[in-house]
Number of protein chains: 2
Amino acid sequence: MARSDTRYREAYNRILAFCETLRVGDDMPSETRLGETAGVSRTVIRRCLSRLAELGVISWDGRDKRLLRVPTPGDRIAVPDAGSDTSDLEQRFLDWVLRFDVPANTALSVAELSRTFDVPQHELKEFLAGLSRFGLVTRRPEGGWRLLGFTKSFAIELSDFRSVLELNAVSHAAEAPVDHPVWSQLADLRADHLRLRAHIDTDFHEFSKLDERFHQAINSVVRNRFTAEFQKVISLIFHYHYMWDKTEEKTRNAAAIDEHLAIIEALEARDAEAARAAAQEHLRTSKTTLLSSLRHHDLG
Amino acid sequence: MARSDTRYREAYNRILAFCETLRVGDDMPSETRLGETAGVSRTVIRRCLSRLAELGVISWDGRDKRLLRVPTPGDRIAVPDAGSDTSDLEQRFLDWVLRFDVPANTALSVAELSRTFDVPQHELKEFLAGLSRFGLVTRRPEGGWRLLGFTKSFAIELSDFRSVLELNAVSHAAEAPVDHPVWSQLADLRADHLRLRAHIDTDFHEFSKLDERFHQAINSVVRNRFTAEFQKVISLIFHYHYMWDKTEEKTRNAAAIDEHLAIIEALEARDAEAARAAAQEHLRTSKTTLLSSLRHHDLG
DNA sequence: ATGCTGCACTTAATAATTTAATACACTGTT
DNA sequence: AACAGTGTATTAAATTATTAAGTGCAGCAT
């Protein structure tokens with residue numbers, strides 16, 4: 001019924017490993033210094049030292065701390081395994097929403113999500129609070145959360161917003177200095193697009209990865225913390241919806257390749273206007289595709 | 001040590017008020033129906049009915065519930081006063097940051113913020129989690145949160161992002177249909193700008209409000225949930241920084257009035273290109289002002 | 001003087017606890 | 001039988017309590 005002592009356990013093992021580098025009789029560094037090396041506060045260090053003294057690994061009296069014996073594997077302390085990564089919660093959550101086609105206005109139970117994603121409840125609450133800033137979820141008056149996403153209006157607004165960001169990125173790219181990494185990336189992408197176009201009949205499903213790489217390259221020109229967060233969400237959503245809308249996938253992808261190439265060529269010619277126009281065209285197609293993929297799933 | 005029963009208390013008083021509309025001996029509606037009218041679940045309704053029965057206001061046996069006597073003021077139950085509004089936490093928080101000029105990289109203590117803003121800790125955590133999506137705060141590895149904002153790079157990226165959104169809004173405004181409310185708003189704004197320009201020597205400090213109205217009008221043309229959230233934050237930050245940078249406030253405001261008028265005129269002439277150009281000019285000035293106001297405060 | 005420790009106090013993470021919502025079976029009535 | 005309502009059990013959400021961890025300061029030893 002309180003916070004876990006994982007921090008202490010990890011620090012303890014780290015200190016123990018440090019002891020192995022000492023020789024019996026050696027003096028240990030100060031608490032402050034140990035804290036710095038282990039990356040924890042003195043409070044935790046003192047707990048570690050207490051245990052070390054109890055096990056007879058060290059003697060400890062005030063500032064006099066000496067190694068009494070070489071630590072054995074039995075001295076180590078068990079660390080509860082970290083639990084599934086909490087960092088990619090966003091990816092997994094959106095994946096879940098899109099894969100199971102969770103309909104708009106579904107009530108989200110923190111308790112249930114906590115179990116399915118194996119993440120503590122309070123982290124989920126924070127995560128959902130973050131998503132609510134993107135308008136993906138909202139609080140229910142009777143408590144808990146509600147999924148908002150993937151109605152028609154959502155898709156339209158998302159597409160529009162994406163267009164604004166991406167057209168801006170294209171404009172910036174056109175004016176990027178010659179030594180900017182984007183140019184070599186675009187050269188590579190151009191070659192890969194041409195290669196895929198030659199084998200489009202069989203390899204058309206490989207376009208998805210190429211698409212992601214292309215848009216990432218373009219957007220990487222704009223270094224902006226406010227857009228960065230959005231891009232992740234946006235690309236995930238578009239990515240998944242494309243993967244499922246299997247209607248005319250081959251033709252769609254072939255067309256998209258040409259659209260990408262048009263943008264790349266305009267950029268390489270440093271023709272900002274042409275690049276913007278080509279991008280606008282491509283984004284328009286994207287929006288249509290996203291909307292029609294929604295229509296196939298539900299009528300939200 | 002558990003959640004509050006405010007929901008029950010409020011529901012109880014509501015049900016009591018409903019009882020007053022009945023006559024002694026009347027039958028009460030079903031639990032489900034009462035729940036619907038009071039906006040709570042049956043669980044709460046049953047608690048309410050229990051108390052009503054205890055106080056002898058009603059008789060209750062299964063589905064037989066009758067009003068025994070007219071409720072008196074003494075039957076009401078005390079409701080803990082709501083506590084300071086939690087809805088404007090964002091406004092108050094940003095206000096606090098900007099007013100006290102909280103420096104970048106300051107550690108934010110949830111406990112302390114909870115006291116200063118009189119808001120439960122868990123709500124603050126959710127709030128901060130939301131702000132972290134905007135890149136305003138971030139988690140510290142050792143726990144808690146850290147304020148990121150108001151370095152030079154932050155101001156630059158914020159300005160750039162604002163420009164992207166606002167230029168897009170201007171483009172949309174130029175193509176808004178004649179019956180769109182923005183046109184009458186712009187006409188009003190135009191008049192108010194001219195009026196203020198005539199008395200700029202004495203009333204220059206009134207520009208701040210006008211500025212906010214102007215940008216709000218422009219941005220209201222774009223109906224997009226993703227931009228809406230950002231606009232609130234952006235306008236607050238710009239708003240406050242302008243208020244404090246008192247250097248040459250009069251000249252700055254006079255110049256800004258002319259810039260606004262140029263945008264308005266171009267829009268009224270439906271000249272999208274000219275409007276964009278004028279807006280770009282204005283946003284450039286804004287950015288410079290924001291940056292120089294930072295320089296006066298600190299060197300973050 | 002300076003760095004280290006002892007100690008007290010504050011804060012953060014997390015589980016426990018109570019309130020509230022919900023699902024389902026049962027019952028009486030038409 | 002169908003339906004609306006209630007009794008009851010299960011589950012979830014909000015909020016507090018509790019423990020772990022961080023932080024600051026006074027005093028002490030070198």
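Naming convention: chains lettered A, B, ... in sequence-line order (proteins, then strands); numbering from 1 in each chain. These figures come from a predicted structure and were not determined experimentally. Only heavy atoms go into these numbers, but all of them, side chains included; no hydrogens, no water, no symmetry mates.
- Side-chain atoms of R46(A) lie closest to dT5(C) of the nucleotides dA20(C), dT18(C), dT5(C).
- Rounded to an integer number of Å, the gap from CD of E123(B) to P of dT15(D) is 7 Å.
- Between V110(B) and S30(A), the residue whose closest nucleotide on DNA chain C is further toward the 5' end is S30(A).
- Checked against the 6.0 Å centroid threshold, F134(B) and F230(A) do not count as a close aromatic pair.
- Across the protein-nucleic acid pair, D64(A) atom CG and dC4(C) atom C1' stand 13 Å apart, rounded to whole Å.
- How far CZ of F127(B) is from CG of L89(B): 4.5 Å, rounded to the nearest 0.5 Å.
- More than 12 heavy-atom neighbours from other residues, nucleotides or ligands sit within 6.0 angstrom of CZ on R69(B).
- Checked by atom type and distance alone, the side chain of R162(A) never pairs as donor or acceptor with a backbone atom of I234(A) at under 3.5 Å.
- When rounded to the nearest whole Å, the span between CD of E36(B) and C1' of dG5(D) equals 12 Å.
- For E31(B), counting side-chain heavy atoms from C-beta on, the closest listed nucleotide (dT11(D), dG7(D), dA21(D)) is dG7(D).
- Comparing T32(A) and W145(B) along DNA chain C, the residue whose closest nucleotide (by nearest heavy atom) sits nearer the 5' end is T32(A).
- When each of H122(B) and P29(B) is assigned the nucleotide of DNA chain D with its nearest heavy atom, P29(B) is the one assigned upstream, toward the 5' end.
- Within residues 124-137 of chain B, the residues that place at least one heavy atom under 4.0 Å from DNA chain C are, in residue-number order, K125(B).
- Which of dT19(D), dC4(C), dA12(D) sits closest to the side chain of A111(A) comes down to dA12(D).
- Across all strands, L113(B) comes closer than 4.0 Å to no nucleic acid atom at all (heavy-atom distances).
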Donor-acceptor pairs under 3.5 angstrom involving side-chain atoms of residues 139-149 of chain A: please list them, not counting sequence neighbours.
| from | atom 1 | to | atom 2 | distance (Å) |
| --- | --- | --- | --- | --- |
| R139(A) | NH2 | E126(B) | OE1 | 3.1 |
| R139(A) | NH2 | E126(B) | OE2 | 2.9 |
| R140(A) | NE | G143(A) | O | 3.0 |
| R140(A) | NH2 | G143(A) | O | 3.3 |
| R146(A) | NH1 | N105(A) | OD1 | 2.9 |

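- The nearest whole Å value for the distance from the CZ atom in R3(A) to the P atom in dA13(C) is 6 Å.
- Note on S109(B): a side-chain N or O is less than 4.0 Å away from OP1 or OP2 of dA12(C).
- We find that CG of L49(A) is positioned 11 Å from C1' of dT5(C), with the value rounded to whole Å.
- Note on residues 11-26 of chain A: pairs passing side-chain hydrogen bond (donor to acceptor under 3.5 Å, both in side chains), not counting sequence neighbours, are Y12(A)-R51(A).
- The aromatic rings of W96(B) and F93(B) sit tilted relative to each other, their planes meeting at an angle between 30° and 60°.
- OP1 or OP2 of dG22(D) has not a single side-chain nitrogen or oxygen of R47(A) nearer than 4.0 Å.
- dA15(C) atom P lies 17 Å from atom CD of Q121(B), rounded to whole Å.
- Between the CE atom of M28(A) and the P atom of dC4(C) there is a distance of 14 Å, rounded to whole Å.
- Regarding contacts with the backbone of dG5(D), every side-chain N or O of K65(B) stays at 4.0 angstrom or more from both OP1 and OP2.
- Heavy-atom neighbours of D64(A) CG from other residues, nucleotides or ligands within 6.0 Å: above the threshold of 12.
- Under the side chain to side chain donor-acceptor pair (under 3.5 Å) criterion, R46(A) pairs with E31(A), not counting sequence neighbours.
- Backbone-only engagement by L108(B) is indicated by non-hydrogen atom pairs under 4.0 Å involving sugar-phosphate atoms exclusively.
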Practice task
Would you check, one step at a time, whether the test side-chain hydrogen bond (donor to acceptor under 3.5 Å, both in side chains) holds for R223(A) with S153(B)?
Solution key: CA-CA 10 Å; R223(A) 283 248 161 269; S153(B) 69; over 6 Å; no
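- A 6.0 Å sphere centred on CZ of R76(A) holds no more than 12 heavy atoms belonging to other residues, nucleotides or ligands.
- Residue E10(B) forms a side chain to side chain contact (heavy atoms under 4.5 Å, CB included) with just one option from V79(B), V40(B), V44(B), and that option is V79(B).
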Problem - Annotated protein contacts, base or backbone, on nucleotides 22-30 of chain C with a non-hydrogen cut-off under 4.0 Å, one of B, S, - each - result: BB---B---
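- DNA chain D is contacted by no residue of residues 6-17 of chain B, taking any non-hydrogen atom closer than 4.0 Å.
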